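Some notes on the structure that comes next.
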Amino acid sequence: MPAPFPWRIATGLLVNLLSSICIVFINKWIYVHHGFPNMSLTLVHFVVTWLGLYLCQRCGVFCPKSLSASKVLLLALSFCGFVVFTNLSLQNNTIGTYQLAKVMTTPVIILIQTLCYGKTFSARIKLTLVPITLGVFLNSYYDVKFNVLGMVFATLGVLVTSLYQVWVGAKQHELQVNSMQLLYYQAPLSSGMLLSVIPFFEPIVGDGGIFGPWSFTALVMVLLSGVIAFTVNLSIYWIIGNTSPVTYNMFGHFKFCITLLGGYILFQDPLSLNQGLGIVCTMLGILAYTHFKLNEQEVSKSKLVQRP
């Protein structure tokens with residue numbers, strides 16, 4: 001597949017930035033003010049994502065490519081876990097703890113790519129993960145709303161998200177498909193998987209069920225959340241497929257500052273001095289990583305230019 005123009009990458013990153021911030025605030029608002037069930041909300045996200053892709057292919061935005069269900073089955077399963085566990089983390093943690101826990105995806109991705117794919121990273125890149133991890137620990141440990149269940153969901157979310165993001169990039173290159181073609185087959189599979197297990201964990205009708213007596217405002221918010229989720233999912237696929245899982249995650253760390261600020265303003269999440277130190281520590285690690293990564297990329301480009 002040809003490399004995209006730089007302005008297209010910049011546009012994709014901007015779309016992901018805006019949609020990712022909006023989805024966090026809207027989902028948290030739905031959980032806090034309406035109590036909509038988590039897995040049912042995730043199912044709405046999956047269905048709206050598939051419908052959006054169906055409309056895209058009908059309008060000629062992309063051409064579906066025939067894929068065997070077995071080749072995307074594991075990816076579809078990890079997609080379910082990725083969205084469900086991150087939403088459960090958001091539901092059971094403050095936005096600050098939820099967002100900082102997601103930062104741990106980068107160290108886990110680096111570990112997976114090192115152990116399973118033989119990819120190497122320089123010593124200084126690995127050292128930047130120390131302040132990132134320390135900052136996440138400080139914030140979580142001193143969070144006055146800390147709860148064990150929330151941290152279990154956050155940990156599971158990090159593990160499954162890391163696997164999912166590595167597999168997305170690998171599958172796009174393995175199957176020679178773009179983000180829309182892969183997601184077009186994966187979204188209905190994930191919807192079917194989730195639909196089969198929801199009755200065991202959440203009510204279907206009545207109070208608290210997906211077909212319960214929800215207010216008009218709640219339904220509008222849920223539908224809007226689904227539309228934004230479609231934008232988030234599509235941009236994640238596109239960015240990872242055209243850059244790398246690590247690039248996507250390091251970009252994601254810069255938007256967590258805005259999300260943290262919004263959490264403190266909109267939901268009055270408490271912030272202690274030690275949590276503030278954890279956030280600063282994490283940001284220093286992120287900035288150091290970005291600086292070293294850019295330097296290494298420039299050195300690699302220079303070597304390629306100098307070759308005869």
Side-chain angles (χ1 to χ4, degrees), residues 1 3 9 13 16 20 71-83 85-86 89 99-140 151-177 179 182 186 236-256 278 281-304:
M1 290 184 287
I9 293 179
L13 291 173
N16 180 260
S20 297
K71 292 185 177 180
V72 294
L73 191 61
L74 192 59
L75 190 64
L77 183 61
S78 66
F79 187 45
C80 290
F82 154 50
V83 180
F85 285 130
T86 52
S89 175
Q99 195 69 13
L100 278 176
K102 288 173 62 179
V103 174
M104 289 302 298
T105 305
T106 296
V108 175
I109 282 180
I110 289 177
L111 182 63
I112 291 173
Q113 290 188 323
T114 300
L115 296 178
C116 302
Y117 293 89
K119 191 170 182 178
T120 58
F121 298 87
S122 65
R124 60 181 185 176
I125 289 293
K126 294 177 182 177
L127 286 174
T128 62
L129 303 181
V130 175
I132 291 175
T133 306
L134 178 61
V136 173
F137 172 78
L138 284 174
N139 177 80
S140 303
M151 290 312 299
V152 169
F153 288 139
T155 302
L156 290 172
V158 167
L159 293 175
V160 179
T161 300
S162 301
L163 286 171
Y164 171 74
Q165 291 180 9
V166 170
W167 287 344
V168 165
K171 281 294 181 182
Q172 282 190 239
H173 289 94
E174 174 193 336
L175 302 174
Q176 288 299 294
V177 292
S179 56
L182 185 56
Q186 181 212 303
I236 288 174
Y237 263 68
W238 192 88
I239 291 170
I240 294 175
N242 289 280
T243 57
S244 72
V246 173
T247 298
Y248 166 74
N249 271 279
M250 293 317 298
F251 167 74
H253 298 337
F254 285 101
K255 60 193 175 190
F256 96 103
C281 189
T282 300
M283 279 305 300
L284 289 175
I286 291 170
L287 292 173
Y289 177 97
T290 304
H291 174 71
F292 293 145
K293 195 68 177 178
L294 289 175
N295 282 347
E296 290 182 1
Q297 289 175 348
E298 289 299 321
V299 170
S300 297
K301 289 179 182 178
S302 299
K303 289 181 179 179
L304 289 174

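We count residues from 1, following the sequence as given. Worth knowing before you read on, the calculation uses all heavy atoms, side chains too, and leaves out hydrogens, waters and symmetry mates. Every value quoted in this text rests on a predicted model; they were computed, and no experiment measured them.
With T161 contributing its side chain and V158 its backbone, the two residues share no donor-acceptor pair below 3.5 Å.
In this structure, OG1 in T105 is found 8.5 Å from CZ in F82, a value given to the nearest 0.5 Å. Rounding to the nearest 0.5 angstrom, the gap separating the OH atom in Y164 from the SG atom in C80 is 10.0 Å. Here CD1 of I109 is found 4.5 Å from CD of Q165. Values are rounded to the nearest 0.5 Å. Annotation: the span from T282 atom OG1 to M104 atom CE amounts to 9.5 Å, rounded to 0.5 Å.
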Which pairs would a plain distance check flag for residues 121-133, meaning a side-chain donor or acceptor within less than 3.5 Å of a matching protein atom at least two apart in sequence or in another chain?
| unit_1 | atom_1 | unit_2 | atom_2 | d |
| --- | --- | --- | --- | --- |
| S122 | OG | I125 | N | 3.4 |
| S122 | OG | E296 | OE2 | 2.5 |
| T128 | OG1 | I125 | O | 2.5 |
| T133 | OG1 | L129 | O | 2.7 |

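The two residues C281 and L134 make their nearest non-hydrogen contact at SG-CD2, 4.0 Å.
Residues forming a side-chain hydrogen bond (donor to acceptor under 3.5 Å, both in side chains) with S89 (at least two apart in sequence, or on another chain): N93. When the side-chain hydrogen bond (donor to acceptor under 3.5 Å, both in side chains) test is applied to T155, no partner is found at least two apart in sequence or on another chain. Take I112 and apply the side chain to side chain contact (heavy atoms under 4.5 Å, CB included) test, not counting sequence neighbours, and it matches V108, C116, Y117, S162, L163, V166.
Considering only heavy atoms from C-beta on, I110 comes within 4.5 Å of T114 through its side chain.
Judged as a salt bridge (charged side-chain N to carboxylate O under 4.0 Å, His left out), the pairs with a partner in residues 151-172 (not counting sequence neighbours) are, in order, K171-E174.
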